[in-house]
2 protein chains.
Amino acid sequence: MKRTLLIFASLIAAILILFQLGQYSFIKGDLKIETLISIIAIVFFLVGAYINRQYRVKRVSISEPGEIDHHRIAELHISKREYEVLKWMAEGLSNKEIGEKLFVSESTVKTHVSSLLQKLNSRRRTQAIQRAKQEKIL
Amino acid sequence: MKRTLLIFASLIAAILILFQLGQYSFIKGDLKIETLISIIAIVFFLVGAYINRQYRVKRVSISEPGEIDHHRIAELHISKREYEVLKWMAEGLSNKEIGEKLFVSESTVKTHVSSLLQKLNSRRRTQAIQRAKQEKIL
DNA sequence: ATTGAAATGGTACTAAAGTATGAGTGTGCT
DNA sequence: AGCACACTCATACTTTAGTACCATTTCAAT
C-alpha cells in the first residue's frame, strides 16, 4: 500500500516534469506533440502493467496451496507421530502399510488414526484428510 | 493471444481518434494540452493494468490447484455418475451418505466406487482421491 | 520423585469398505 | 431392430477401518 502511494507520487512528479519539458520543447519546436503523447502513453502503460504485476505476486504468494500451518497442528494437539500417520493416510496408504512405513504395528497405527479422527472431528479417514487440508495442515 | 492483439488494435485506433480530436480541439483552443495528456495517461494506465490482469488470470489458472482436466476424465473412461461419486468421496462422505446425496442406494454407490478404484488403479478410496488429484481430475 | 502426555501394542468387537456376480432398465448409435 | 454402455440394485462374502479397553514404557515437566 505504501509502495503504491510512492509509485503514484513519483508518477505525478514525472508527469509534471515531462509536461514542463514538453511544453518548453513544444514552444521551441524541438518536440512534436505526437512524440510527447507517445512517450506518456508508453510510460503509463508500463506503470499500469508494473503495478498490477506487484499485486499479482502478492496475491499468488498468499493463495498458494503450499504452506503448512504448524501452529494450527499444535492447537489441535496433534502429536508428531500422529501427524506422520496423517501424512501417509493422505497418500492413500492402509493402516498396515503405514505401520510398515513407520516400523510399528497396525494396532498402533489404528490408535493414532482414532485419535486423529477425534482431533479433526471426523468419522472417516477421508473426512479427516479433507478437514486437514481445510485447516492448512496438509 | 488473439485477444491481446484485438486490444492493441482497438487501442491504436483509440489513440488515433483521440489524437485527431485533440489536435482539432487544440487548434480551436477548446481543449488544453494538459487535459489531453491526462486522458491519454489514464487510458494507457488502465489498459496496462487490464492487459496484465488478463495474463494473471491465465497464469494463475494454469498453476493453481484448481482447473479440472475434463479431457483426462474422458481418457480414464470415468462416467458422469462415477465422477459425482468421486467428488463426494473426496469430501469425506461415506457410501451411504453419497447414496443419500445422489438419491441412489448404497449398493449403487459401491458399484461406482469399485469401478472408480479400477479406473484410477487404486485399492482404497483414499488412494483413489490422491490419484485423482495428481491427474488434475479433482 | 510423581505426574502426565506420547508412543506402543494387544484383544475383541462393530461398522464400513470393497469384491464378485448377476440382472433389469434405459439410452444413444448404427 | 440390435448392440454397447451407463445406471441401477441386490445378495453374499472378504477385507479394512474404526471403537473400546486395557496395559506397558519412555520421557519431559513440576
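These numbers come from a predicted model, not from an experiment. Naming: A, B, ... by sequence-line order, numbering from 1 per chain. Worth knowing before you read on, the calculation uses all heavy atoms, side chains too, and leaves out hydrogens, waters and symmetry mates.
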* OP1 or OP2 of dT16(D) less than 4.0 angstrom from a side-chain nitrogen or oxygen of R124(B), does that happen here? -> no
Given the options E100(A), K110(A), E106(A), R125(A), N95(A) meets side-chain hydrogen bond (donor to acceptor under 3.5 Å, both in side chains) only with R125(A)
Worksheet entry | Salt-bridge present (E97(B), R124(A); N to O < 4.0 Å) | yes
Here the distance between atom P of dC5(D) and atom CD of Q118(B), to the nearest Å, is 15 Å
Expected list for residues 70-80 of chain A near DNA chain C, using heavy atoms below 4.0 Å, is S79(A), K80(A)
Between E84(A) and K87(A) (salt bridge meaning N to carboxylate O under 4.0 Å), is one present in this structure?
no
Value for CG (L86(B)) from CG (L138(B)), rounded to nearest 0.5 Å, stands at 4.5 Å
When rounded to the nearest 0.5 Å, the distance separating CD1 of I98(B) from CG of L93(B) is 5.5 Å
Open item on the list: Could you check whether any side-chain N or O of S107(B) sits under 3.5 Å from a backbone N or O of S105(B), counting only pairs where one atom can act as donor and the other as acceptor?
Closed with: no
Between A132(B) and L120(B) the two heavy atoms that sit nearest each other are CB-CD1, 4.3 Å
note: E82(B), atom CD; dC5(D), atom P; distance rounded to Å ~ 13 Å
Chain B vs DNA chain C, heavy-atom contacts under 4.0 Å, first-to-last nucleotide span, 5' to 3', is dA17(C) to dT19(C)
note: R81(B), atom CZ; dT8(D), atom C1'; distance rounded to Å ~ 9 Å
Rounded to whole Å, the CZ-C1' distance (R125(B) to dT15(D)) equals 14 Å
Under a 4.0 Å heavy-atom cutoff, the residues of residues 87-113 of chain A touching DNA chain C are V104(A), S105(A), S107(A), T108(A), T111(A), H112(A)
When rounded to the nearest 0.5 Å, the distance separating CD1 of I78(A) from NZ of K119(A) is 7.0 Å
When rounded to whole Å, the CD to C1' distance for the pair E84(B) and dA6(D) reads 13 Å
Looking only at atom types and distance, does a side-chain atom of R72(A) sit under 3.5 Å from a main-chain N or O of I137(A), one as donor and one as acceptor?
no
Subject >> Within-4.5 Å side-chain heavy-atom neighbours: M89(A) and T126(B) >> reply: no
- Does R81(B) use its side chain to pair, donor to acceptor, with the backbone of L102(B) at less than 3.5 Å? yes
Whole-Å distance, Q127(A) CD to dA17(D) C1', equals 14 Å
